[in-house]
Each structure stands twice: as C-alpha cells, then as structure tokens.
Amino acid sequence: MGLQAYSGPGWLLTKAEQIINWGRSRSPWPLPYGTACCGIEMMCALAATYDMARFGAERPSFSPRQADVLIEAGTITKKMVPVLRRIYDQMAEPKWVIAMGACACSGGVFRTYSVQQGIDDVIPVDIYVPGCPPRPESLLYALLKLMDKIQQDHPLYKQRADLAETLGVER
Amino acid sequence: MSLQDRIRHCLQNDVLDLFQCQGDLFVQVPRDRIVQCLEKLRDEPGLEFDFLVDVVGVDNSALHEKEIKAREKALAKEKEKAEESGETGVENEPVVLEVPPRFDVIYLLLSLKSNERLAVKVKVPEEDPEVDTVTTIWRAADWPEREIFDFLGIRFRGHHNLKRLMMWEGFGSYPLRKDYPLQGKGEERHLDYDE
Ligand code: SF4
C-alpha cells in the first residue's frame, strides 16, 4: 500500500483486494462459543489482562449474524452438533473458525459415545489451537495466525469467477 | 426401637431384605409394591421419610457374570476333589446357576424430621424392565426417572413424560448398560432444516 501526503489531502495507492483484506484482518469480531472448560481460558483472553481487543477482536459478538470468527472453545457433544452447525450457517460471509482446545480439535480425552470427535466433521476449521486448555497466549497467537491467513485471501476471485461464468468467458 | 425394627414394623411382609452396606441402610422390597412401600415409609409416624434425594439405576450384569464364573470354578474344583478321593458313582446332576435380576432401581430417602437416611431397592429383570413411577408421590422423581430410562432403558409405568433426558430423541441405545461399548455404536445426530 502506498500512502503519500506531500501536501494537501494526499493520495492512497493500493489494490482493492489488499485494502479489503486489511480491513477484514484488523477487525475479526469473535463469536465466543464456550462449551466447556476452554471457555474460561477464552474469557481470560478476552478480558483485561490479555485484552484480545488489541488485535481488533474488539467486540465479542453474541449474535452470529454480526460475527466474523467463531471461536469454538470446548467439548462439542453430539447433541450439540446441530446447534453448532446452525450457528455457523447463520454467520454472514466472510467467516472463519478457530477450534480451541483438544476437545474441539479431536474430541480430546472424551473418546466416548456422546462426544463429537473433532468439530471439523461438522464445520470447516481454519485454525486449530492445541492444548487442554490452551493458554490465552495460544489463542492470541491463533488470532494472529488467522489475521495472516485473511491477508492472503483473494476476496475478489470468487466474484470474478462468478462473473466469468455468467459471461461465458475464460478467466 | 432401632431404625431397622421400625422399618420392619412399618413394611411387615414387604421387607425382602434389610442390610447395612458401607454405613447405609438398604431395604429391598417387591417391585410391584414400591409405590405403596414408599408411601408407607413417608407417612408412618416415627419414620417419615419425606424427602426423595435421588433415584438411581444400576446395571449389575458385569458383577453377576463375575460371580457366576467364580461359582462355576468352585464347583469344578469340588468335582475334581470328589473324583480324586475316589468317590465314583455319585451322580452329580448338572447344576444350573441362577442369574439374579439384572437391574436395580434404588430410591434414596431422607427424613427431614429425624435426619435419618434409607435406601429402598427394587430388583428389575431384563425381560420386563418396568417399575411403577413414584412421581405421584414426589414430583422430584421426574428427571431421575427419565435419566434412568435414557441410560438403562428401564421404563416407569405411569410417568407423564417419559422421554430421553440427556441423549437426543432417536438415539437408539441405552449407553449405561454394561454391554454398550464406550465409544458407542456410531450414533450421530444430524441437522435437518425444516425446508
Ligand atoms: S480441551 Fe481440555 S480444557 Fe478444553 S474443553 Fe476439552 S477438556 Fe476442557
């Protein structure tokens, strides 16, 4: 991105993709979805000591419709699976998912009839955070990784592909 | 009168067994008399077990299996001994070992007047796993009974809402039965949108 202000109002030189990604990665509003002990650690990361708001996760959104990042912190029982899926479906694009803790990643210690063995069977996961529970630093690191990932995104590609398809041209 | 005597006096012939276990007093009563027995225990002056702490179900199948194996072993040993000592001709008819009923339902009672506790137990066979509900006496039995139904498959006759409590509707098994594998039988719950 080039930003110049020699005199007067100045000018900005960038790509649309870049500025979209820049905006998106700097405000990943989380949807805190704490279903077990990991939720406590997530709350800690959101609270004053670790202050996740520093990274743009300013406002934990308790409505899926206004959230960008689903932080799934805790065990997902099979009874909860439809709820999780529905919440994910309710989130508006673009959306990302952080699976926090061993339980969300793989079922953790609960290899039983009632626990979902990893939420990636149900919804797509972008970042896995290992640990039982992961420390708040791990969650912050995951958020930074997610920001990296968002920055490598090509938000306009899909639009272009759709357009090419409608026009019937090679892209 | 000791608590034991008072219970015997109150329930009379319904006492199938009365024993102390780990400091708790257990009384076993016939399955079809459970409601009457609990009512009597609640209303009898001097006992007044008026508070239902919990209702629990127990699957004893693993324990029974172990016991039967031990008994079979003991019998075989006895037979060997008899043969060794030359006792031939004694026709040992094959012993059929009787399996006790598979399930227990245990009602934990507390008397708020005298602060005494009692566990009332009924045996429930696998072929006909049904007990009368005690929600007619204590509404508090509602969820515990549903939990037992959910996990062990014991039905409670007359319960007003006998649905699964922890597992979802349509879950086909009873997961706390000892022959159910820990990792389940692959039951999954799927989302279907109404459209
Ligand atoms: S990973 Fe560990 S701390 Fe996190 S929800 Fe599972 S059991 Fe709890």
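Because the structure is a prediction, the values reported are computed rather than measured. Naming: A, B, ... by sequence-line order, numbering from 1 per chain.
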Distance-minimising heavy-atom pair for Lys78(A) and Glu187(B):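 Smallest heavy-atom distance, with atoms named: NZ-O, 3.1 Å.
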
Determine, using the 4.5 Å side-chain heavy-atom cutoff (strictly less than), whether [X] and [Y] are members of one ILVMFWY cluster.
X         : Y         : answer
Trp29(A)  : Trp96(A)  : no
Val129(A) : Met52(A)  : yes
Met147(A) : Trp22(A)  : no
Val81(A)  : Ile71(A)  : no
Leu38(B)  : Ile106(B) : no

Per-residue contact mode, Met167(B) against chain A (heavy atom under 4.5 angstrom):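 Contact with chain A involves both backbone and side-chain atoms of Met167(B).
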
Geometric class of the Phe171(B)/Tyr113(A) ring pair [parallel <30°, tilted 30-60°, perpendicular >60°]: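 If you compare the ring of Tyr113(A) with that of Phe171(B), the planes turn out tilted.
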
Lys79(A) backbone acceptor or donor facing Arg189(B) side chain under 3.5 Å: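 Yes; judged by distance alone, with no hydrogens or angles, the pair exists.
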
Gln117(A) portion near chain B, given a 4.5 angstrom heavy-atom threshold: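 For Gln117(A), there is no contact with chain B at all, as no heavy atom is under 4.5 Å.
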
